[in-house]
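Just so you know, these numbers come straight off a predicted model, no measurement behind them.
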Amino acid sequence: MSFFSKKPRSSSSSYAPSAPSLPESYDQRGQAYGTSHQSNHSQQQQQQQSYYGQGNGGGSSYGHSGFPPGTSPDVIRSFEMVDRDGSGFIDENELQQAISSGYQRFSIRTIRLLMFLFKNPHDPLRFGPKEFAALWGCLGQWRGIFERYDKDRSGKIDLFELRDALYSLGFAIPSSVLQVLISKYDDGSGRRIELNFDSFVECGMILKGLTEKFKEKDKRHTGTTTFNYDEFMSMVIPFLVSYD
């Protein structure tokens with residue numbers, strides 16, 4: 001069974017971004033399907049990046065020791081602002097508030113998908129500092145990709161821009177699959193379907209997540225593998241029910 005085509009990569013296209021990685025515990029092998037490796041930036045470079053809500057740094061208390069070393073004070077501050085009970089954990093509504101305050105409102109459907117993909121193994125219904133920091137960095141990467149392909153700076157991308165963005169990440173998705181994927185965002189108005197950043201992240205993470213599950217079976221990285229019915233359902237269903 002072959003679910004996708006893999007775009008050949010040449011040395012001349014090494015500038016193209018690779019798909020933001022899922023957490024290490026989920027993204028087990030990244031050598032053939034367009035996963036990324038974040039480079040180390042200086043503190044000044046981190047302050048200049050247009051990640052969610054990051055401004056020019058500044059002081060912030062490091063009240064939660066669970067954040068990875070080097071986490072931006074702005075990321076910690078965003079977590080602390082919604083962690084009102086000071087428990088060190090936030091639920092889906094608090095996560096929605098933290099992410100939405102930095103850019104645009106994220107639907108609870110997308111939030112639930114992200115919580116599924118970045119879930120805390122000890123408490124899948126809540127995020128701790130580690131999961132929050134990992135998600136924040138990943139969203140910053142997706143935002144950079146979105147802005148690169150939002151050619152007219154409308155804050156939305158259409159089917160062709162989505163195709164180009166995915167292709168640059170190594171996902172040569174058939175047009176028929178893209179049509180199905182984007183059709184779920186049709187509001188029935190008859191207007192051309194366009195995706196805002198929230199929907200773009202949702203599409204990208206679904207494709208990324210399913211690709212990672214596929215490659216677990218595709219041991220030789222040929223783009224073709226075999227599933228039995230139970231394996232197929234176990235792979236796909238979590239992406240359908242985790243955020244409904």
Side-chain angles (χ1 to χ4, degrees), residues 1-9 13 16-38 51-52 95 99 106-107 109-119 127 131-150 157 159 161-175 177-182 184-185 195-219 221-225 227 231-232 234-244:
M1 180 183 297
S2 179
F3 285 166
F4 60 91
S5 300
K6 187 175 63 175
K7 185 188 77 167
R9 293 179 181 271
S13 62
S18 53
S21 298
L22 296 176
E24 183 177 350
S25 60
Y26 190 93
D27 185 8
Q28 297 177 0
R29 294 180 300 277
Q31 63 267 35
Y33 289 82
T35 59
S36 68
H37 303 280
Q38 287 184 314
Y51 288 2
Y52 277 79
L95 178 62
I99 293 178
F106 266 48
S107 70
R109 181 180 67 187
T110 305
I111 292 296
R112 288 171 179 165
L113 173 64
L114 295 174
M115 289 195 75
F116 164 68
L117 294 174
F118 287 82
K119 63 188 172 187
F127 260 26
E131 294 77 34
F132 185 78
L135 173 60
W136 193 285
C138 182
L139 289 177
Q141 293 180 326
W142 280 111
R143 183 179 180 183
I145 296 167
F146 181 85
E147 291 177 348
R148 175 177 297 187
Y149 288 92
D150 177 20
I157 62 174
L159 174 65
E161 291 168 330
L162 176 64
R163 178 201 61 193
D164 292 345
L166 294 173
Y167 190 76
S168 76
L169 300 175
F171 299 113
I173 308 299
S175 59
V177 174
L178 278 179
Q179 288 285 356
V180 172
L181 188 62
I182 202 171
K184 68 181 295 184
Y185 304 101
L195 306 182
N196 59 23
F197 181 60
D198 171 18
S199 300
F200 173 73
V201 168
E202 184 179 315
C203 286
M205 294 302 276
I206 289 173
L207 289 172
K208 175 68 175 175
L210 287 174
T211 298
E212 294 303 326
K213 298 303 292 184
F214 183 92
K215 75 177 185 179
E216 290 176 10
K217 296 288 293 181
D218 182 16
K219 305 293 186 182
H221 306 289
T222 62
T224 302
T225 190
F227 289 92
E231 290 170 332
F232 173 76
S234 296
M235 180 182 76
V236 174
I237 290 298
F239 288 88
L240 302 179
V241 302
S242 62
Y243 59 97
D244 283 343

Trace of the side-chain contact (heavy atoms from CB on, under 4.5 Å) decision for I145 with Y149: CA-CA 7 Å; I145 296 167; Y149 288 92; 4.3 Å; yes
Taking all non-hydrogen atoms of both residues, which atom of F200 and which atom of A165 are closest, and how far apart? CE1-CB, 4.2 Å
Nearest heavy-atom pair of L162 and L178: which atoms, and what distance? CD2-CD2, 4.0 Å
Do I173 and L181 have side chains that get closer than 4.5 Å, going by heavy atoms? no
All ring pair (Phe, Tyr, Trp, His ring centres under 6.0 Å) counterparts of F127, not counting sequence neighbours: none
Nearest 0.5 angstrom please: R163 CZ to I182 CD1, how far? 11.5 Å
Centroid-centroid under 6.0 Å between F146 and W142 rings: no
I need the I157 CD1 to F197 CZ distance, nearest 0.5 Å. 10.0 Å
Separation of I206 CD1 from L113 CG (nearest 0.5 Å): 5.5 Å
L210 versus M235, closest heavy-atom pair with distance: CD2-O, 3.9 Å
Quick check: do L114 and F106 have side-chain heavy atoms less than 4.5 Å from each other? yes
What's the spacing between L95 CG and M115 CE if we round to 0.5 Å? 6.0 Å
Going by heavy atoms in the side chains, are L135 and I99 under 4.5 Å from each other? yes
From F227 CZ over to K213 NZ, what is the distance, rounded to the nearest 0.5 angstrom? 9.0 Å
Atom CZ in F239, atom CG in L117: separation rounded to 0.5 Å? 5.5 Å
Look at the side chain of D218 and the backbone N and O of G223, then say whether any donor-acceptor pair between them is shorter than 3.5 Å. yes
side-chain contact (heavy atoms from CB on, under 4.5 Å) assessment of C138 paired with M205: CA-CA 10 Å; C138 182; M205 294 302 276; 4.2 Å; yes
